[in-house]
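Heads up: the structure comes next, in structure tokens.
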Amino acid sequence: MAWGLPSTASLVRFCQKLKQLKTLEESTRETALQRHLTTWDLTLLGVGAMMGFGLYVLTGIVAKEMAGPAVVVSFSVAAVASLLAALCYAEFGARVPGRGSAYLFTYVSMGELLAFLVGWIMLLWCLIGGAATARACSSYLDSTFSHRIRSFTESHVGIWQVPFLAQYPDFLAAGITLLASAFISCGARVTSWLSHTLPAINLVVILFIVILGCVLARPHNWSTEEGGFAPFGFSGIMAGAATCFNAFLGFDVIATYNEEAQNPKRAVPMAIAISLGLVAGAYILISTVLTLVVPWHSLEPFWALADAFYQRGYSWAGFIVMAGAICAMTTVLLGYLFALRIMACAMATDGLFFQVFADMHTQMQVTMVGILVFGVIMALLALLLDFEALVQFVSISALLTYTFVATSIIVLRFQKPPPSSSMGPVSPVGTEQASASEPGQLRPALRPYLGFLGGCWPGATVAWALGVLVASAITLDCVLVFGDSALHLPLWGYTLLLLLSSVMFLLSLLVLGAHQQQRRQDTFQVPLVPLTPALSILLNIFLMLQLSSLTWLRFSIWLLIGLCHPCRTRGVFWLRHPAQQGEPAGAAGADCPTRQPGGDGAGPAAPQPDTCPEARTRRAAHQSMRTPGSLPSLPHHLRRLERPAAPAVWGSSGLQACPCWGVLRTTRP
């Protein structure tokens, strides 16, 4: 049939699908993966993912161009922002099964549309991060050969003077990316060997740098004669912190492996905390040693650690540092390629990306199409784009993703938990007591004083308070960053806006704190909610505003591409045509060549028997993670309407169709 405009009923169903949630029941779906990773294994994974080009490249760039010796303070501020985000990741990683990281976390708390945006941002994050890592690795390799590779390329290709593009095409970086993609395509055995060997070499080199650096340290390099401790002032320290934030990217890989952890409720939070603490200490020590060995203004930004030893006459030490840098950045590059593959596969399984990215190679057990496509795109980015522009792209993508995760924590805490799967009789008295103290409701002790809040529609107060919290955080950060420079506010206007935004931020926190939260004793929970995620939101937005306007423009274009793509007649979301017939996205047609016949969404199609076991398995697994029914607004996200339990019969997939509600329920055998 011809492709025409969708009907009104189809558009309504489409909009409802965008607000669907995934359920948060950990005990209803067991993973097929072997749980063999201990807390120490997860910690090593996190350390290996974080200690890469941030250690060997960003340290020199921030010290030379942004903060001077105060790069130590920049790393400390970035570590605090990363810690707040890491706490949110730790709770989600312990509670939410499955892979997908921030994409999955947003899906279970804020709905499908925001989950797609987060997944789209994370795809950009991994692509740009991998390209930046490849260029950093290329710079260190080039310095090993006295920059002969760069000189050869500039003499035969020329120097480009185009904004946002590199001065010359980096063919070595593109080759490194393609080589790493080839290693990933070889399967888990080769990748596992590299991910254990290369980080071990990196840790030995870091210990060597700290010991030798302490021996060669000169306190005179921090004196006023060399420019002082903070030559660029407070603004330079904060701009450096926004860039240093990239150095801590990678702890989310621990949450990615939660399905393979022996005890994820305990191992994931502990591994995130330990790895982040070790990495923060290493960054502070390395930046201190670097600016004490040689004056900050004499550093070579892109290979500062090796150059510092070369300047002091220890060329052999510089060669060891280069070897450690190449090993570390190769590890990070492999991690980015692995994360791209997992993210695209998770989105494709849910029907939010092209299904070809979910196809698994039968022998290698990897998504070969995803590795090929993303490897080529990453190689092109590494070949053409400027390194500093790549780093700023990574910063804004990561900070916005962490902001979504922190917001999701607040939504999750005040969201009514799913009903228990037990089918025993329910006491009316117990039901009244449970409804009086359910999450999202006003605390009983405060009802005599805040009764006007309790009269609102259930969940509406929390939803409005969360919206005011985010809006006031944006306003407060804009006043702090642009109040004196871009906005040119008078003193009274600056003070008034600062007070109003601060008061609204604090009031929204108090309103949220006055409501009941989910309390669980069997897993890790972020302390001091909503204060901790609110501070994470505030600090992340502040660091994002430190980035350049061109970075915001390019990032906005990327978001528009993602938003406009599914809005086309047959874009990403319209690839999930079976969803208009009541099926989950990506369930039908993913593995079988046949589709269910039906109209353009005007009515449901006649059910057809499944012709492929894989499709039935995928459909059952997907339905077990979906929230029954569509949720029309954010207050519905904060309260789950209870429905009467129906008798269940355990089938082969562990799912039982409930005829009175038209949804699938998950029960215990």
Side-chain angles (χ1 to χ4, degrees), residues 54 58 61-62 66-67 73-86 88-89 102 106 110 114 117-129 132 164 234-252 388-410 466-467 469-487 497-498 501-502 505 532-560 562-563:
L58 290 185
I61 292 177
V62 175
M66 298 180 183
V73 183
S74 297
F75 271 116
S76 302
V77 174
V80 173
S82 301
L83 176 62
L84 295 175
C88 300
Y89 265 87
T106 308
M110 302 182 70
L114 290 178
L117 287 179
V118 170
W120 187 251
I121 293 170
M122 291 193 70
L123 290 178
L124 174 68
W125 170 5
C126 294
L127 282 171
I128 298 296
F164 188 55
F234 179 76
S235 60
I237 293 175
M238 298 311 297
T243 303
C244 290
F245 190 81
N246 295 278
F248 296 96
L249 303 181
F251 60 79
D252 55 306
E388 294 184 10
L390 291 172
V391 170
Q392 293 215 359
F393 253 127
V394 174
S395 294
I396 193 171
S397 302
L399 287 167
L400 188 57
T401 300
Y402 291 165
T403 303
F404 272 111
V405 173
T407 307
S408 300
I409 280 290
I410 299 178
L466 180 58
L469 175 72
V470 176
S472 59
I474 296 174
T475 305
L476 178 59
D477 287 328
C478 288
V479 172
L480 290 174
V481 176
F482 304 117
D484 293 332
S485 56
L487 299 179
L497 279 178
L498 191 64
S501 55
S502 301
F505 184 80
T532 300
L535 291 178
S536 178
I537 294 171
L538 186 67
L539 190 53
N540 291 340
I541 296 173
F542 182 81
L543 293 177
M544 280 192 287
L545 295 177
Q546 302 290 331
L547 302 174
S548 65
S549 56
L550 284 178
T551 302
W552 278 95
L553 177 61
R554 297 159 189 155
F555 184 73
S556 301
I557 293 174
W558 175 260
L559 285 183
L560 287 176
L563 287 173

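Just so we're clear, the structure is a prediction, and the values are computed from it rather than from any experiment. Just so it is clear, the values below take in all heavy atoms, side chains as well, and ignore hydrogens, waters and symmetry mates. In what follows, residues are counted from 1 in the order of the sequence shown.
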Can you tell if the side chain of [X] reaches within under 4.5 Å of the side chain of [Y], non-hydrogen atoms only?
X      : Y      : value
Trp558 : Ile128 : no
Asp477 : Met544 : no
Leu400 : Asn540 : no
Leu545 : Trp552 : yes
Leu480 : Leu498 : yes

Test item: Trp125 side-chain N/O and Gly119 main-chain N/O as donor-acceptor pair under 3.5 Å: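 Pair absent, no side-chain N/O of Trp125 close to backbone of Gly119.
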Let me confirm one number: the [atom1]-[atom2] distance from [X] to [Y], rounded to the nearest 0.5 Å.
X      : Y      : atom1 : atom2 : value
Arg554 : Leu559 : CZ    : CG    : 14.5 Å
Cys88  : Asp252 : SG    : CG    : 13.0 Å
Ile537 : Ser472 : CD1   : OG    : 9.5 Å
Met238 : Met66  : CE    : CE    : 13.0 Å
Leu399 : Leu547 : CG    : CG    : 7.0 Å
Phe393 : Phe555 : CZ    : CZ    : 8.5 Å

Distance-only polar pair, side chains of Thr551 and Ser548, donor-acceptor under 3.5 Å: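 The answer is yes; a qualifying pair exists.
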Taking distance alone, no hydrogens or angles, what donor-acceptor pairs closer than 3.5 Å link side-chain atoms of residues 74-86 to residues at least two apart or in another chain?
| residue | atom | partner | partner atom | Å |
| --- | --- | --- | --- | --- |
| Ser74 | OG | Ile237 | O | 2.9 |
| Ser76 | OG | Val72 | O | 2.9 |
| Ser82 | OG | Ala78 | O | 2.8 |

Considering all heavy atoms, the nearest Thr243-Leu58 contact: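 Reported closest heavy-atom pair: O-CD1, 3.6 Å.
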Distance-minimising heavy-atom pair for Ile121 and Ser397: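 It is CG2-O, 3.5 Å.
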Evaluation steps, side chain to side chain contact (heavy atoms under 4.5 Å, CB included), between Leu249 and Tyr402: CA-CA 10 Å; Leu249 303 181; Tyr402 291 165; 3.4 Å; yes
Leu476 vs Ser502, side chain to side chain contact (heavy atoms under 4.5 Å, CB included): CA-CA, chis, key distance, verdict: CA-CA 7 Å; Leu476 178 59; Ser502 301; 3.5 Å; yes
Test side-chain hydrogen bond (donor to acceptor under 3.5 Å, both in side chains) applied to Ser395 - qualifying residues, sequence neighbours left out: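 Ser395 satisfies side-chain hydrogen bond (donor to acceptor under 3.5 Å, both in side chains) with Asn246 once adjacent residues are dropped.
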By side-chain hydrogen bond (donor to acceptor under 3.5 Å, both in side chains) - contacts of Ser408 (at least two apart):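 For Ser408, the residues satisfying side-chain hydrogen bond (donor to acceptor under 3.5 Å, both in side chains) (neighbours in sequence not counted) are Ser109.
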Verdict with reasoning, Val118 to Val405, per side chain to side chain contact (heavy atoms under 4.5 Å, CB included): CA-CA 9 Å; Val118 170; Val405 173; 6.0 Å; no
Thr532 vs Ile409, side chain to side chain contact (heavy atoms under 4.5 Å, CB included): CA-CA, chis, key distance, verdict: CA-CA 10 Å; Thr532 300; Ile409 280 290; over 6 Å; no
